[in-house]
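Below you'll find the structure, written out as structure tokens, and then a few comments.
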Amino acid sequence: MDLKENCTYVMHNFKVLKNNGQYRVCDHQFKLVFIGVIVVRECVVGDIPFRKYRFPGFVDVVAGQFERGLLVDVIGVVEEVVFRQVSGKGRRVVFKLKDLSQQLLSCTLWDDYCLQFVNFLDDYEGDGPITVLLSHCRIKEAQGSYPASINNSLKASKLIINQPVMEIQEFNERYFLEIICVTVGTITMIFLDNHSWCYISCIQCHKKSDAEMAPFTCACGKYNKEVVLRYRLEVMINKGNESTKFLLWDRECSELIGQSVDAVNKLKIEDGDVDLNASPQALDKMLGHELAFKIKVQPKFRNSAVLKCSTDSSLINAVMDMLVDAEQSLSVTVEHDPLLGLPLTPTKRQAFQDCDDEPGISQISLAQLSSNKLKKHA
């Protein structure tokens, strides 16, 4: 009880043993053991660095490339809660973590650690990601069909969830890195497997609402007298023999289709089709268009959100010329996103608000195609 974390001490009369226990907190050859004649005195020593976390890659853990018996630290975003048991003996919660490489790793928390995690989930009112830092974890090796996993140690682990510590802040900055690029491609397919072709939104913030009928009050506080529908379409973009998925929003879809969601939905209802999830024929007007795209690459969602698009032939040719130059550069620097099949060239750095342009501005200015620097937002 005399020892406090982040304080420094002078200590005498240790017993020195080999550090060969079943679970080791560090990889030093020896360990110091307290005995009855130990002397402890607090002493301010300013040049002793704080402990640094050791974060192994999840890919290495799954592949079995780690030192057996050595406790490690992990950090990742909670992908899915698989199981929880918070009553009786053996309280535990099992969830999946995802690291910067998008690799998943199963994590089990027991007893007090389980309760801390579950209580956070129950009290959490945000809609953002949950980032977990767990220190001094045990790695459980793969057995048969069960892959490698991690769990807290009995007493040594520390669980930090969504706290403003430097390691979590740096992880989030890297995990949610946004890359703005331009490319050219043709819309060849429309996907409706994961969501409808449109969504009910707030008239003020444009966010999706769970309300099916008006009136309703959005989470932003705006009172909506009527339901507002907006486009949201995931499409396949092809260029040559390569393809990838882009996400198109209301402004771009309205321009390509030539009709608003309300107009398209009204025609569906007149034809006797009242199912909002059913695909209207008007969406076929988007197919076959070759466009120049300005996109935001979203590794977390495995797609790219379209910020702007244009059918202007001169602009398409200008982007194509850039792609030829960029591909030559990328063959050396490899500065393209591996999630996308299409060749991409990043745009110049600019303020974030410049990427989300006001409705009505659909052209990609040639000035924005003049550089190959990546764009990053915290």
Side-chain angles (χ1 to χ4, degrees), residues 1 3-6 21-26 51 53-62 64 66 68-172 175-176 194 207-211 219 300-301:
M1 298 299 296
L3 299 180
K4 298 178 182 179
E5 191 169 347
N6 295 328
Q22 183 179 5
Y23 296 104
R24 306 183 305 280
V25 297
C26 70
R51 173 183 180 269
Y53 290 99
R54 301 186 302 270
F55 297 125
F58 287 4
V59 173
D60 294 334
V61 174
V62 173
F66 54 86
R68 273 63 180 172
L70 181 64
L71 300 181
V72 299
D73 311 311
V74 297
I75 187 170
V77 170
V78 176
E79 178 76 7
E80 177 187 3
V81 178
V82 179
F83 174 83
R84 66 168 74 184
Q85 177 182 331
V86 295
S87 61
K89 295 183 178 179
R91 292 174 300 194
R92 64 188 173 108
V93 59
V94 182
F95 56 94
K96 295 179 181 179
L97 281 177
K98 182 182 287 186
D99 69 354
L100 295 174
S101 68
Q102 304 296 305
Q103 174 66 52
L104 291 174
L105 183 63
S106 178
C107 177
T108 300
L109 298 178
W110 296 88
D111 299 325
D112 291 342
Y113 297 93
C114 166
L115 294 180
Q116 181 183 343
F117 181 81
V118 171
N119 289 338
F120 178 88
L121 292 183
D122 292 341
D123 295 337
Y124 186 58
E125 298 180 350
D127 56 0
I130 298 175
T131 304
V132 169
L133 191 161
L134 183 66
S135 66
H136 296 123
C137 300
R138 295 179 178 180
I139 299 179
K140 187 176 181 180
E141 297 186 57
Q143 295 180 351
S145 60
Y146 294 96
S149 61
I150 58 171
N151 59 271
N152 62 275
S153 54
L154 185 61
K155 296 291 183 182
S157 292
K158 178 184 292 185
L159 178 61
I160 305 174
I161 310 173
N162 271 21
Q163 294 297 310
V165 298
M166 180 182 66
E167 290 77 13
I168 288 182
Q169 291 176 338
E170 290 181 349
F171 176 87
N172 287 339
Y175 186 86
F176 300 104
N194 295 325
K207 289 185 177 180
K208 182 179 179 180
S209 172
D210 294 329
K300 182 178 185 296
F301 300 108

Is any side-chain heavy atom of V72 closer than 4.5 Å to a side-chain heavy atom of V61?
no
Can any side-chain N or O of Q169 pair as donor or acceptor with the backbone N or O of E167 at less than 3.5 Å?
no
Closer than 3.5 angstrom, by distance alone: can the side chain of S153 be matched with the main-chain N or O of R138 as a donor-acceptor pair?
no
Say you draw a straight line from CD of Q22 to CG of L71; how long is it, rounded to the nearest 0.5 Å?
10.0 Å
Heavy-atom count check: over 12 atoms from other residues, nucleotides or ligands less than 6.0 Å from D60 CG?
yes
Flag side-chain contact, heavy atom, 4.5 Å: N162 against Y124
yes
D73 side-chain N/O to R54 backbone N/O, donor-acceptor pair under 3.5 Å:
yes
To the nearest 0.5 Å, atom CD1 of I160 lies from atom CD1 of I75 at 8.5 Å
Are Y113 and V93 packed together at the side-chain level, in the sense that at least one heavy-atom pair is separated by less than 4.5 angstrom?
no
Does some side-chain heavy atom of K140 sit less than 4.5 Å from a side-chain heavy atom of Y146?
no
Donor-acceptor pair, S135 side chain versus S157 backbone, under 3.5 Å?
no
Is there side-chain contact between I130 and L121, with at least one heavy-atom pair below 4.5 Å?
yes
Any heavy-atom pair between the side chains of T108 and F83 that's under 4.5 Å?
no
Taking R68 for its side chain and F66 for its backbone only, find out whether a donor-acceptor pair lies under 3.5 Å.
yes
Looking only at the aromatic ring of each residue, does the gap between the centers of F95 and F117 stay below 6.0 angstrom?
yes
